[in-house]
Amino acid sequence: MYNTKEIEEKWQKYWTEHETFKAENKSDKEKYYILVEFPYPSGHGLHVGHVRSYTALDAMARLKRMEGYNVLYPMGWDAFGAPAEQYAIKNHIHPKKAVEENIKVFKGQLLRMGYSFDWSREFSTTDPSYYKWTQWQFLKFYEQGMAYKAEKEINWCPNCKTGLSNEDAQGGVCERCGSKTEKKLKSQWLLKMTKYADKLLEGLKETEFLDKIKTAQINWIGKSEGASVYFPLEDLDEALEVYTTRPDTLFGVTFMVMSPEHKLIEKYASKIKNIDEVKKYINEAKEKTEIERTDATKEKTGVKLEGLKAINPINNKKVEIWISDYVLANYGTGAIMAVPAHDERDYAFAKKFGIKIIPVIEQITGEKQENETFKNSIVAVVYDETTNKYLTLNWGDLGGRLFIGGTRQENETAIECAKREIEEETGYNNIEFVKEILPINHHYYAYNKKTAYEIESTGLLFKLQDNNKVEAKLDEDEKDKFKVEWVTKEEITESVTDELHITTFTNLLNDNAYTGDGKMINSGFLNGITNKKEAIDKMIEYIEKNNIGHRTTNYRLQDWIFSRQRFWGEPIPMVYCEKCGWVPVPYEDLPILLPDVTAYEPTDTGESPLANITEWVNTTCPHCGSPAKRETDTMPNWAGSSWYWLRYMDPKNDKEFAAYDILKYWGMVDLYNGGMEHATRHLLYARFWHEFLYDQGLVPTKEPFKKRVAHGMILGENGEKMSKSKGNVINPDDMVKTYGADALRVFEMFIGDYTKDASWSEFGLKGCKRFLDKIYRLKDKVTNKNGYSKDLENIINKTIKKVTEDIHTMNFNTAVSSLMILSNEYDKKEELTKDDYRILLTLLNPIAPHITEELVSITGLGSPICETKWPTYDETKMKDETVVIAVSVNGKLRGQMTVPTDTDKEELTRLAKSLDNIKKHIDGKEIIKEIVVPNKIVNIVVK
RNA sequence: GCAGGCGUGGCGAAAUUGGCAGACGCACUAGACUUAGGAUCUAGCGGAGCAAUCCAUGGGGGUUCAAGUCCCUUCGCCUGCACCA
């Protein structure tokens, strides 16, 4: 019928020759900057996933241009990184060559898809004219003290033989190769990203990122507010500093834990009596991989430091010190105060090693009342192993099912009290104590005694030994009031309603630390406070006044480890001189080019391959002129992508990375699309980089991106991620060959919700090709007439509205579907006007640009769509003359009627009641209510 | 464990935001045209029933004249973070 290849090539040539998509740096038009993450030009070529996001934003770009915006939709290459390096090593060529080849392939594929990129702005991060400015910006960081070299425990990938940032080693796994990472002490360049933690949080407010992206960033930054507290070491002129978010629990500290890497261990090794045991533990911890160490489900391990004690500055009590790998060296101070009663991890640790647990917060049940009388009491749960049941008292109307409760008498322990009460009320006397849980603060009103009580209730669990019983000793007022019943756990959950009793039961079964709010006890001046924030503030005030600590904020975010021990990256422009130390390369000497060699291998010493290239390494000190050595580490992959959107604005500038007035014209990226996998890495780095440049007055906006959206993945036909090994990879080139670029574009837009994953389906693609064929055939129905066909006016206007809105909101699937509906309408007709046809082609043009232009051209419908305006719709033409009203009785659909639009309520009711099927359902019944929603529904409620 | 999301035919999905569930497409079935069909056209297509009707948006409960949509609860799946003190 038609040759897609010919048509596509024809129009691609047309666009290139006419510079249709060239963005102007000066324009009267309003600007709109659309950015899609630039690809890493791998040897595998374009992925159908690329096609999805590029097509989506291409549709947006084309629409915006037709709406009269000066649209910047650029494309380039993020080409530094390991794969090119590996490939080059294997084939003994320079990675530059490999990159050039791959870019050629990639670009060819993109061109064949007909994307409206402004190719005049293309660049690669590996171009010296680009990375010159990446290096330049690094020097700015250095100048401001934002880049520093430090000996640091870093994530080391033994396979890639390079250090990694925390973001690249999430979960203790190397992002690139999947190997488990190790910790290695190495001297590294770092960027002080922590200094921007608050700005990165604050800046989010100025953006319109998807909520899940914002949340991911917020979590990654991990801001927490709390206090630093100093615990003096006994008999030493030293204090152990800890960070806590719960200074309100300071009175509940029963031990301290240091991470195995803590410096004080080494320092006071001579004081530690069991230092051999301690060292053994430290070595074991070191041996473990990051994954093993941070597995939250594993059992706690640790060693007590004998001979070293800390003093709780709040009450001067001596506290034992342990080391354990559940405390992380790189968060807070690498040491914690442990409050087992109110922290899950400390609780587990204390339980395992038999450390004392002091409760300082009581869970509160019941409502506080006026004039309460205080008493101590117990709730005792007795468990019978043989029947798997629990002992309860069924009080019937007097309080329902309860466990055994009672008031503690003077000089009576909780256990004694419980045993006494159990025997008195049920007669069982051979029971074994199992455990006691943290006390609960309970409030209730006793109607029989007309008294309000506040009680401190201790929950206890006992095990029934045998069924021996003595006679119960009941008070007069208790006789015949309750029945003793053994019931299952399920019955308890259903029938015990008393808040204290059911809470006690749950807590006994769960056996957890209590981390919630409650009433402060055992806490000196904090006693009685029931508000957590108040308790925290009061404690911080106290410790600050007494110089034992201060308010602090902590972040999970760490400084950005910026060194990579690799060849194929931007050289870090620093020189080391024996006399002057680290000296920055002067700006005028940039770029520091990578040497033109083809032989380099990662070294086993952990040094960059560049270290072996002596003629490159040896240089002179820019400061004193003595012999000096270049930094051989290179920048991470993320460096080049941390400012590329700025370069697109002014890509040929050789005086500065981009002229300020041009940056000002383009401003923020209006719409930025990329994968969800970059929500915490690239996006964080890029924002950090940009915010830094803003603070240096080098860019005009605080935040780089206004709106960030994320596309879903295209999965294989089997629903799994496409991969070579699974054999489910779809090559876009093959699809373009068989079905044409337009069909592929339409299908990827139609496949489903743009933000969600979708499985590939070649059948689906065929369907879209059929849709385009149908549109092609429609050309034979076009007459010489102008204007819309009268009977199509309504649907045409509706479709214009729908498609316009759907593309703007990125609901491409429904945009395509509404165009299918429109073309189905056209198909029913014998003839179409020129305008009927042209509007369909125009609306489809952003998604299928080639065939629509071709049809406009061969049907003689005027100038190319890309040179015309986006259509508007006429609301008044969209009104239907008649509307179908659903009629239901008691909410069940019983009939339909077609009435003139905006028929009033009375008329609708009257008409509804006259329908045969409605009569049938309402006759002889009382009408209770008539609900009428004009143009929608009539519902008659009868009895 | 915490946070977020999702759950609708055989499949991909729609549903004007509380108002006729399943638009549109795929697959499938029957038929027409055809030398042929991976082309095109016509009809059908959630389940049960001859039908009237009934049942159906993971399960259970609730609010409402009316629930895929709101609330509670439960199960399942996915994603992110995960011993962050």
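Lettering of chains follows the sequences in order, A, B, ..., and the numbering in each one begins at 1.
- With its glycosidic angle within 90° of 0, U17(B) adopts the syn conformation.
- Contact between the side-chain N/O atoms of Asn813(A) and the OP1/OP2 oxygens of A14(B) is found at a separation under 4.0 Å.
- Met749(A) places its CE atom 19 Å from the P atom of G25(B), with the value rounded to the nearest Å.
- In the set G19(B), A27(B), A85(B), the nucleotide with an atom closest to the side chain of Val933(A) is G19(B).
- No engagement by Gly222(A) is indicated, since no non-hydrogen atom pair under 4.0 Å with the nucleic acid exists.
- Taking the nucleotide of RNA chain B with the nearest heavy atom to each of Ala216(A) and Ile885(A), the more 5' of the two is matched to Ile885(A).
- Counting heavy-atom neighbours within 6.0 Å of Lys905(A) NZ, excluding the residue itself, gives a total of 12 or less.
- A distance of about 28 Å separates the C1' atoms of A3(B) and A67(B), rounded to the whole Å.
- The separation of C45(B) from A30(B), taken at their P atoms, amounts to 16 Å, rounded to a whole angstrom.
- For Arg770(A), a side-chain nitrogen or oxygen approaches OP1 or OP2 of C26(B) to under 4.0 Å.
- Atom pair Ile821(A):CD1 and C24(B):P shows a separation of 6 Å (rounding to whole Å applied).
- Rounded to the nearest Å, the gap between the P atom of G9(B) and that of U73(B) is 25 Å.
- Going from atom CG of Leu893(A) over to atom CD1 of Ile937(A) covers 7.5 Å, rounded to the nearest 0.5 Å.
- Val941(A) comes within 4.0 angstrom of sugar-phosphate atoms only, judged by non-hydrogen atoms across all strands, and of no base.
- For G76(B) and A66(B), the C1' atoms lie 29 Å apart once the distance is rounded to whole Å.
- Arg894(A) has no side-chain polar atom (N or O) that falls below the 4.0 Å cut-off from OP1 or OP2 of A66(B).
- In this structure, Ile775(A) atom CD1 and U40(B) atom P are separated by 14 Å, rounded to whole Å.
- Comparing the C1' positions of G1(B) and C72(B) gives a spacing of 23 Å, expressed to the nearest Å.
- Of the candidate nucleotides A23(B), C6(B), A85(B), A23(B) has the atom lying nearest to any side-chain atom of Ser817(A).
- Listed pair Asn824(A) / G25(B) meets the phosphate criterion, a side-chain N or O lying under 4.0 Å from OP1 or OP2.
- Nearest nucleotide to the Thr814(A) side chain, out of A3(B), A14(B), G38(B): A14(B).
- In this entry G19(B) has C65(B) as its Watson-Crick or G-U wobble partner, both defining distances falling under 3.5 Å.
- Within 4.0 Å of Lys769(A), counting heavy atoms only, lies no atom of the nucleic acid at all.
- Set against A66(B), A85(B), C6(B), the side chain of Lys756(A) has C6(B) as its closest nucleotide.
- Looking at the side chain of Met820(A), the nearest of the listed nucleotides G19(B), A85(B), G25(B) is G25(B).
- Within 3.5 Å, a donor on the side chain of Lys300(A) pairs with an acceptor on the base of C83(B), or the reverse.
- Closest approach of Val938(A) to Ala912(A), counting heavy atoms only: CG1-CB, 3.9 Å.
- Between the side chain of Ser761(A) and the backbone N or O of Ser759(A) there is no donor-acceptor pair closer than 3.5 Å.
- For the atom pair Ile918(A) CD1 and Ile940(A) CD1, the distance stands at 6.0 Å (nearest 0.5 Å).
- In this structure, Lys892(A) reaches the sugar-phosphate backbone alone: every heavy-atom distance under 4.0 Å involves primed, P, OP1 or OP2 atoms, never a base.
- Nucleotide G49(B) forms a pair with no other nucleotide shown, judged by Watson-Crick or G-U wobble geometry with both contacts under 3.5 Å.
- Base pairing of G10(B) is made with C26(B), judged by Watson-Crick or G-U wobble geometry with both donor-acceptor distances under 3.5 Å.
- Atom pair Phe750(A):CZ and G25(B):C1' shows a separation of 4 Å (rounding to whole Å applied).
- If you take CD of Glu717(A) and P of G12(B), they are 13 Å apart, rounded to a whole angstrom.
- Protein atom NZ of Lys532(A) is 13 Å distant from nucleotide atom C1' of A85(B), rounded to whole Å.
- Of the P atoms belonging to G80(B) and U64(B), the separation is 42 Å, rounded to the nearest Å.
- Taking atom C1' in both C78(B) and C83(B), the straight-line distance is 25 Å, to the nearest Å.
- The side chain of Thr244(A) approaches A85(B) more closely than any other nucleotide in the set A85(B), C83(B), G19(B).
- Both the sub-6.0 Å distance and the 45° axial angle are satisfied by Lys300(A) relative to the ring of Tyr326(A).
- Annotation: of the two residues near RNA chain B, Leu893(A) and Ala329(A), the 5′-most nearest-nucleotide partner is Leu893(A).
- Spacing between atom CG of Asn890(A) and atom P of C65(B) amounts to 11 Å, rounded to whole angstrom units.
- Rounded to the nearest Å, the gap between the C1' atom of G68(B) and that of G59(B) is 15 Å.
- The nucleotide C2(B) finds its pairing partner in G80(B), both defining distances of the Watson-Crick or G-U wobble pair being shorter than 3.5 Å.
- With rounding to the nearest 0.5 Å, the separation of OG1 in Thr799(A) from CD in Glu825(A) is 9.0 Å.
- With rounding to whole Å, Lys774(A) atom NZ is found 8 Å from U42(B) atom P.
- Under a 3.5 Å cut-off, the side chain of Thr898(A) and the backbone N or O of Val883(A) do not form any donor-acceptor pair.
- The partner of G31(B) is C41(B), judged by Watson-Crick or G-U wobble contacts that both fall below 3.5 Å.
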